[in-house]
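Reading through the structure tokens given below for one structure.
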Amino acid sequence: MKIHEHQAAELLAAYGVPTGGGRAVFTADEAEAAAAALGTPCVVKAQIHAGGRGKAGGVKLVKTPGEARAAAEALLGATLVTPQTGPAGKVVHRLMIAPAVAVEAEYYVGMLLDNDSGNVILMASAAGGMEIETVAKESPEKILRQQIDPLIGLRPYHITNLSTGLGLAGDAAKDFAGIARGMYRLFTEKDCSLIELNPLARLDSGRLQAIDAKVTFDDNALFRHKDIAALRDPLEEDPKEAEAQKSGLSYVALDGTIACMVNGAGLAMATMDMIDSFGGRPANFLDVGGGASAEKVEAAFTILMKDEKVKGIFVNIFGGIMRCDVLSSGIVAAARKLGLTLPLVVRMRGTNAEEGERILNESGLSILWEPDLGKAARAIVALTKGGQEA
Ligand code: GDP
Ligand code: MN
């Protein structure tokens, strides 16, 4: 799960990382008042769950509360397109107002989990700021790394290696040590998958301060961090994914045209491969789980039909604990209730499959029952391409 910059900054500050005291605002009035309270100059920053805002016009330096209002009016409701938002961009619903600081140097500091080694990696570069992606690609040697074995933890030598590599001394080196320790404590205590300070600025006072912060959490650990889960912003998420989560469905939106409803992650993967091998493209990954009920089937259909890209639906279910007749009734009820007009191919095997077939056939709806997986997949690909069943 991602959170906003102002939330990340507040969290990091609680772990001893200096972040500059920004405030979240939702209206132009609040922006003006915050700028007046914090003092000018200040920065008005679009809060979206994506980086690259600076180059897209999402970060504005203002000299008066009036200018803060004007910047807020321009940004709120606007769509920002950055390399991280995808071509559709993201709509700005909130801003952060923070006192502007005089920046002498911009560093990059990142902490993430390395899946290969199982270690936490602490990275730092003296070439931080908005060009860090180019630096990573063209001169990766400028990014210094320390592997931290989680059984040993963050040690002073990790910190010294990096701060020396960055050329830090005096207060800046001391600040860096505190920042690295705070980041590591936050990372491990809150089950983060990424913490990024870019830039970590060296101010004219010689002290370090993060003027951008990104923190991402491991979704599978959120159940034990209610405070973090409460930071979720539904406006930043795919509404279909959020709805699926509420209904206990595992759903991931993809870019194809064939909606899939499958039980079990393994079968869902095999189904997507099968569609792909017959020349189709799955519109989603959807696992309704082992104990899917008629309500879950309806919830799944509702989500699938909301996707405008979808040209057909493919149901592939193995009835083990789940009975095929119950599922068929659920499919028929959902199709009737939602007025389904898209081609629908159902492949079911297992408990009460014959009864399931009878229910679908007697429904009077145009649903193609095909127990052979290969034929079923080929049929839905043909139907969504506007052709006849192959
Ligand atoms: P990003 O483009 O989404 O990563 O947004 P950032 O928060 O990193 O802001 C973009 C750039 O704006 C930073 O790299 C800084 O150079 C600049 N910036 C942001 N806040 C301040 C500030 O308070 N003072 C100064 N001088 N520059 C700032
Ligand atoms: Mn940044």
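Atoms within each ligand, like the ligands themselves, are counted from 1 in listed order. Not measured: the values here are computed from a predicted model.
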Tell me whether [X] has any N or O atom under 3.5 angstrom from an N or O of ligand 1.
X    : value
K55  : no
V43  : no
M130 : no

Pair [X] + [Y]: basic N to acidic O under 4.0 Å:
X    : Y    : result
E73  : R69  : yes
E236 : K2   : no
D255 : R281 : yes

- [ ] Between V59 and ligand 1, find which residue part has any heavy-atom pair under 4.0 Å and reply side chain, backbone, both or neither.
- [x]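 The answer is the side chain of V59.
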- [ ] Would you mind telling me if ligand 1 is within reach of the side chain of T82, the backbone, both or neither, using heavy atoms under 4.0 Å?
- [x] neither
- [ ] Drop me the distance from L304's CG to Y251's OH, to the nearest 0.5 angstrom.
- [x] 6.5 Å
Check: residues 169-182 side-chain donor-acceptor pairs under 3.5 Å, at least two apart:
{"from": "D175", "atom 1": "OD1", "to": "R207", "atom 2": "NE", "distance (Å)": "3.4"}
{"from": "D175", "atom 1": "OD1", "to": "R207", "atom 2": "NH2", "distance (Å)": "2.9"}
{"from": "D175", "atom 1": "OD2", "to": "R207", "atom 2": "NE", "distance (Å)": "2.9"}
{"from": "D175", "atom 1": "OD2", "to": "L208", "atom 2": "N", "distance (Å)": "3.0"}

I need the nearest protein heavy-atom contact for [atom]: residue, atom name and distance, please.
atom                    : value
atom 28 (C) of ligand 1 : I211 CD1, 3.8 Å
atom 2 (O) of ligand 1  : G54 N, 2.8 Å
atom 15 (C) of ligand 1 : E106 OE2, 3.2 Å
atom 24 (N) of ligand 1 : V101 O, 2.9 Å
atom 7 (O) of ligand 1  : K45 NZ, 2.5 Å
atom 4 (O) of ligand 1  : D212 OD2, 3.0 Å

Output the list of atoms in ligand 1 that are nearer than 4.0 Å to some heavy atom of [X], sorted by atom number.
X    : answer
G51  : 3 (O)
N198 : 8 (O)
R53  : 1 (P), 2 (O), 3 (O), 5 (O), 6 (P), 7 (O)

Open item on the list: Using a 3.5 Å distance criterion without hydrogens, assess whether the side chain of R347 forms a donor-acceptor pair with backbone atoms of P371.
Closed with: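 Pair found, side chain donor or acceptor close to backbone of P371.
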Task: From the candidates A100, P199, G20, A210, the one that places a heavy atom nearest atom 13 (C) of ligand 1 - done: P199
Open item on the list: Any protein heavy-atom neighbour for atom 17 (C) of ligand 1 (distance below 4.0 angstrom)?
Closed with: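 So atom 17 (C) of ligand 1 lacks protein heavy-atom neighbours under 4.0 Å.
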Task: S193 versus D218, side-chain donor and acceptor atoms under 3.5 Å - done: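 D218 vs S193: no donor-acceptor pair found between side chains.
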Open item on the list: Under 3.5 Å, is there a donor on one side chain and an acceptor on the other for H49 and D233?
Closed with: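 Not at all, the side chains of H49 and D233 share no donor-acceptor pair under 3.5 Å.
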- [ ] Check the pair S117, Q147 against side-chain hydrogen bond (donor to acceptor under 3.5 Å, both in side chains), reporting the backbone distance first and the verdict last.
- [x] CA-CA 9 Å; S117 62; Q147 295 253 353; 3.1 Å; yes
Show me the side-chain donor-acceptor pairs of residues 122-132 shorter than 3.5 Å, one per line, residues at least two apart or across chains.
{"from": "S125", "atom 1": "OG", "to": "A127", "atom 2": "N", "distance (Å)": "3.0"}
{"from": "S125", "atom 1": "OG", "to": "K142", "atom 2": "O", "distance (Å)": "2.8"}
{"from": "E131", "atom 1": "OE1", "to": "K55", "atom 2": "NZ", "distance (Å)": "3.3"}
{"from": "E131", "atom 1": "OE2", "to": "K55", "atom 2": "NZ", "distance (Å)": "3.1"}

TODO: Could you count the protein N, O or S atoms found under 2.8 Å away from the Mn ion (ligand 2)?
DONE: 2
Task: Shared hydrophobic cluster, I367 / M348 (ILVMFWY, side-chain heavy atoms < 4.5 Å) - done: yes
Which atom pairs, donor and acceptor, lie under 3.5 Å between side-chain atoms of residues 56-66 and protein residues at least two apart or in another chain?
{"from": "K60", "atom 1": "NZ", "to": "G57", "atom 2": "O", "distance (Å)": "3.2"}
{"from": "T64", "atom 1": "OG1", "to": "G66", "atom 2": "N", "distance (Å)": "3.4"}
{"from": "T64", "atom 1": "OG1", "to": "E67", "atom 2": "N", "distance (Å)": "3.0"}

TODO: Please check if atom CG in L235 has more than 12 non-hydrogen atoms from other residues, nucleotides or ligands closer than 6.0 Å.
DONE: yes
Task: F318 versus L267, closest heavy-atom pair with distance - done: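 Minimum heavy-atom separation between F318 and L267: N-CD2, 4.1 Å.
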